[in-house]
Each structure stands twice: as structure tokens, then as C-alpha cells.
Amino acid sequence: MRTLNRSGQTTPPERRGVALLMALLLLVVLIAITIQISATTGTDARIARNDLNIATMDLSIESALLQVGETLKTDGESAQDGGGGATPGAGAAGAGAGAGAAGAGGAGAAGAGQSQASDSRRDEWCQAQRTTINDVDLRIFVQDEDSKYNVLNMLAPDEKEARAAYDRVVRILDGCREGSREFDIDPRMADDMAKAMLEHMQRRKDSKVPRPKQLTDDESSDVGLPLTLEEFAALKPFEEHHFRDFRDRDGQVVHSIGSFLTVWTSLGLAADLPPTTAGGANRPAGTPTGGTGTGAASTGGNASTRSGSSTGTGSTSGSKSGSSTSDGTSGGTSGTGGTNSGGTGSSGSGTGTGTGTASGGASGASGGTTTTGGYGVNVNTAPAAVLKGLFDGRDLYPRFFDRVIEYRNLEEEEDESAKSNTDTNAEKEPELDEYGQEKIQRRIFDSLGELSEVEGYTDLPAEQQARLNQLLTTTSNVFSIYVVARKTTAIETDADVGLTPAELRKREEMSGDALVRVVRCVVWRHTVDDEIVLTPIVRWEILDYLPYEVLDFPPDDR
């Protein structure tokens, strides 16, 4: 009989299988834990990297905004040195109730004989630029709010002027998206939109849109002014796409209505008003109220209902007479609440006086000095839809504004006297645009007097010429600064060399290998104690769309 060797017993197969399964299960758990730790660590690293990229982009954008601000200040200072019309109220023309009181000299251009500054697409601030800061590609362009029409004019206390402003808003909305089959705004829709805006502002307490309480709220008035045009987005029949720039299915650029309408122009300071004025007794110092307008800097009869915005509820009167100038035109204007209604004589002997009612079309600052009473649109930069919307087609043939646009796109003729004074041997390097292509020096309207160079202007009746001078200006004071920042996330990028501007634009729009951040800043350029000051209206606003400039003649391959 053999003795059993217990130490040499083998493990049953069943137990060996269980041990193997336990080992595999433990291995799977360890692998899962490792993957989770790796994923969490990688995600945290990506988040941190993205946060760092966004912080870098924000710093780069801030640097660009500071640079543009300096450019705007320099431009304003040069206008001051030139004795131009950048100073608020100087030679600006509004459209008050006294518009019919044209001077005996007929209807010329307001202040045409004076040396005036002008803001146009020729200025440095209006040139789109590209630069790179901290490996962030930046595209910067500026749009002056004075190229748009102020919807607050619909609150003018004069019923006739308020109705005229309403009709202008309808026409501008009707024409701002022509060319897009899918998103065009028809006349009926435009009328509904203007009506919704007006009712929202007139019956603010009943509006469903939340309203923050402001220190300057007037409990006795139900008028409320929007702090931004996007406030209307919550109203019917407005939709989100009305406040965005985008391309439709046909590739056609569709612009936001904010490219044609505004609430930010014709600003003033409450500090410019006396502590107590007519219609504003017992109000604290600095509170906007009715005022009197005299001379170049007319003070609007504005009663504020919100902090940062004002509306005209009082009327003011003030006039000044213009004297004839050496070129045969007079500078006669009459200022009433920021509204100049005097005509200028073509013979050089006429003077214009008159009174009007302030429209109160001002927002962003309370009361105070205004430039154009909310009516004036910069003839050098205003889009076609805005210019054509200022007049009913039965009152002024729209073809006239087509000629205005054609005029400001003609190449400027070189001054022969200046040409003879330059060194013929020195070759001047051509100016290049953001794509490196040579820029053409376009004509501009240095003053409203140059409207006489547009075909058909001299054939207009004196009343229409005076009305043109009241609704147009050549200066801008409020500017929207757009900065588009791109930070590439690709390891390798294709070179942009050889791409046309259209190809470069489309590549930027379609490319998904970069972080994109779009910021808008709105500033008011004005004069305080003979010094140019930039006051932020919208300090920093992040947009979720790419903005497009409104071009007079957009290329087919845009």
C-alpha cells in the first residue's frame, strides 16, 4: 500500500478558472481606473489650456480696443485742430418742428462756408485691420453709429415729426435686407416691427420685457428708452435672426437690423444742464430735464426716464444767424434742442433763423448737448437703405441717393497744386488694405455744401435741399468697435499665401481648427474741457456671430 503525498496535490480545474477570472476582472478594473484618471487629467488639461487661450485672446482684444481708442481720439483731436464740426452741436443739422423756417437765403448746406471736419471711410478708424498679438489673429473694424437712424426719434413730442420718424424706420426696415429671398423684410412686416418698437417705448410699464429700475426713472411718465436695440428681440414679430449677421442658403450676406438702426446716437451729458431749468423745477443737480438751446451747442429739451438714456418731452428755442462767407454760401443755422432748422443762402447774403422742438432722440447718456437731435445721419458712411429710407419716394426720388453713393465711391482727383509741390522723384508707396491690396482714395463729403456736386441736387426745390441738410451730417461721434479674435488649435496650418480676399473670408468662416471670440465695444467720442474723451456705452459684449460690414457695392464672390 502506497502513502499519499498531500503536498503534491494539484488544484482542481474549477478553482483555477475562478482565480483566472478574478485576476482578469481586477486587471479590467485597474485599466478602467487608469483610463478614467487619464481622461480626467486630459480634460482638465484641455480646459486649463482653453481657459489660458481665452484669457490670452481677451488680453489681445483689450490691447486692440485700446489701440482703436487712441486712433479715435487722435482723429477727434485733428478735427479740433482743423476747427471742424467734431465738437458736439457745431454746425449739425437736426429736424425739429421748426424745419420749415428756412432762412431768407434759400436752402444751402448748413455751415458750408466754415472749415469743417468730416468722418468718412477714408479715415484711419474706418479701415479694417488685421494684426497678430500673442499668437492671436485679430481682425478689427469700426462702424459708426451715426451712419444709422435713431429709432428714438419716433418719440418726438411733435406728432408730425414723430410720424415722419416712424415712416423712416419702416422704410429702412423694408430696404435693409433686399437681395435675400428667404429673409427679406416686406413692408407689412416692417410696419409691424416699427409699431412694436414704438408701443414698447411708449407703454414701458405694461411691457412684458423686464425693466431694471434706474435712478433717473420718471414715475410720472410711461415712456421708457431701450439701452440697446437687442431689447426689442423679445417682442413680436421680431426673431433672433433679425439681430444677427449671417449667410442665407444662397450664400448671400444678410445683415442685422442693428447695422441700420440704433439707439446710441445724439448723446449728451446731464452735467451740461443747469440744476433747475424751465419745466424741471426742484430737480437735483445733474438730473436731465428741459433746457434752452442757443448757438452751436443747443441743449435738448430732454426729460430722462432711464439712466443712460433720454427722451424729449419739452421744447426749447434758440437761434443763431449765419453770416455770408467768401465762397458765396452762408452758415446760417438755427439750433433748437439740438435741432438746426435754418437754411443757408446760395447767394451769400441770406441768414437762417427759426425754432423747433427737440426730438429727444438720444440714449446712452442723459439729456445734455446733442449733435443732431437724433436725426442726423452721416452721409459719408450711411448704408443705401438708411439714406433712401430718410425720404418717401414721392417726396425725393431715390435715384438721388444712388448718385450720392456713386459720388462717394468715385476716385478722388489729385489736387494739381499739391501735386506740383511734391517731389516728383519721390515715389509714394500705395496704401494697402487688410488683404494687402492697394486702396483707392475715394471722394468724401467734407461738408454738406458738397452735396451741390451731386447730379440733381441743384434741381431740387429749396425746401427739399433744406430738409436734406437737416437730416444729414458729415461727422460721427458714436462708434461700435468689433474685434474678431482667432486662436488656432491645429498643429499645422495651411499657408494663406495666394488666397484671394474672398477665399480668405470663406476659409475663416468655414474653418473649425481655431477658437473664435467676437467682442463689440461701443464708445462715445465727445469733448470735455477742450479734451477729447471716449466714454464707453457698451464696454464689452461677446457676440455669437461674425459681423459683416455693410458695403455700397459688395463683390459677387463676397
Side-chain angles (χ1 to χ4, degrees), residues 2-66 130-140 230 233-234 239-241 243-249 251 254 482-500 502-521 539-548:
R2 291 189 301 176
T3 304
L4 295 176
N5 186 6
R6 295 183 177 273
S7 60
Q9 284 184 336
T10 59
T11 304
E14 296 82 2
R15 296 181 64 182
R16 291 199 302 268
V18 172
L20 180 60
L21 290 176
M22 292 293 292
L24 291 175
L25 181 60
L26 179 60
L27 180 61
V28 170
V29 171
L30 292 175
I31 293 175
I33 293 175
T34 303
I35 293 175
Q36 180 64 31
I37 294 174
S38 177
T40 303
T41 305
T43 301
D44 291 342
R46 285 192 295 271
I47 293 175
R49 186 165 55 251
N50 288 340
D51 288 343
L52 179 60
N53 286 335
I54 291 175
T56 302
M57 294 168 71
D58 287 347
L59 291 174
S60 301
I61 292 171
E62 187 66 34
S63 298
L65 292 176
L66 291 173
R130 292 177 183 268
T131 187
T132 300
I133 302 177
N134 296 329
D135 294 329
V136 178
D137 296 327
L138 301 174
R139 183 175 187 267
I140 310 121
E230 282 76 8
E239 298 182 26
E240 183 181 358
H241 67 80
F243 301 90
R244 298 170 57 92
D245 291 348
F246 59 94
R247 290 184 183 271
D248 60 15
R249 296 178 183 178
V254 181
Y482 295 90
V483 182
V484 181
R486 286 183 173 85
K487 176 74 172 179
T488 181
T489 57
I491 299 177
E492 295 182 359
T493 57
D494 297 331
D496 296 333
V497 179
L499 295 181
T500 65
E503 292 172 340
L504 182 58
R505 281 192 296 265
K506 291 179 180 179
R507 176 178 175 180
E508 290 177 344
E509 293 176 22
M510 302 299 296
S511 177
D513 61 351
L515 292 174
V516 180
R517 196 166 179 83
V518 184
V519 170
R520 174 174 65 180
C521 174
R539 179 62 184 86
W540 185 283
E541 181 183 9
I542 299 176
L543 305 180
D544 59 352
Y545 63 89
L546 287 176
Y548 294 93

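Judged as a side-chain hydrogen bond (donor to acceptor under 3.5 Å, both in side chains), and not counting sequence neighbours, D44 has no contacts. Shown here are the side chain to side chain contact (heavy atoms under 4.5 Å, CB included) partners of R130, two or more places apart in sequence or in another chain: R139, E434, Y435, L504, E508. Applying the side chain to side chain contact (heavy atoms under 4.5 Å, CB included) criterion to L59, with sequence neighbours excluded, gives no partner residue. The side chain to side chain contact (heavy atoms under 4.5 Å, CB included) test applied to L66 returns E62, not counting sequence neighbours. Residues satisfying the side chain to side chain contact (heavy atoms under 4.5 Å, CB included) test with D135, not counting sequence neighbours, are K487.
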TODO: List the steps, then state whether side chain to side chain contact (heavy atoms under 4.5 Å, CB included) holds for V518 with Y545.
DONE: CA-CA 7 Å; V518 184; Y545 63 89; over 6 Å; no
Task: L546 vs R247, side chain to side chain contact (heavy atoms under 4.5 Å, CB included): CA-CA, chis, key distance, verdict - done: CA-CA 10 Å; L546 287 176; R247 290 184 183 271; over 6 Å; no
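A distance of 12.5 Å separates CG in L26 from CG in L21, rounded to the nearest 0.5 Å. Distance check, rounded to the nearest 0.5 Å: CD of E541 to SG of C521 gives 10.0 Å. In this structure, CG in L138 is found 8.5 Å from CE in M57, a value given to the nearest 0.5 Å. Going from atom CE of M22 over to atom CG of L25 covers 6.5 Å, rounded to the nearest 0.5 Å. The CD1 atom of I54 sits 5.5 Å away from atom CZ of R517, with the distance rounded to the nearest 0.5 Å. Taking CH2 of W540 as the reference point, atom CG of L65 lies at 6.0 Å (rounded to 0.5 Å).
Screening residues 30-40 for side-chain hydrogen bond (donor to acceptor under 3.5 Å, both in side chains) gives Q36-T40 as the qualifying pairs, with residues at least two apart or on separate chains.
In terms of modelled atom types and a separation under 3.5 Å, the side chain of S60 and the main chain of I133 share a donor-acceptor contact.
Each of T488, T56, N53 was evaluated against V136; a single residue qualifies, T56, per the side chain to side chain contact (heavy atoms under 4.5 Å, CB included) test.
The shortest distance between side-chain heavy atoms of R244 and L543 does not fall below 4.5 Å.
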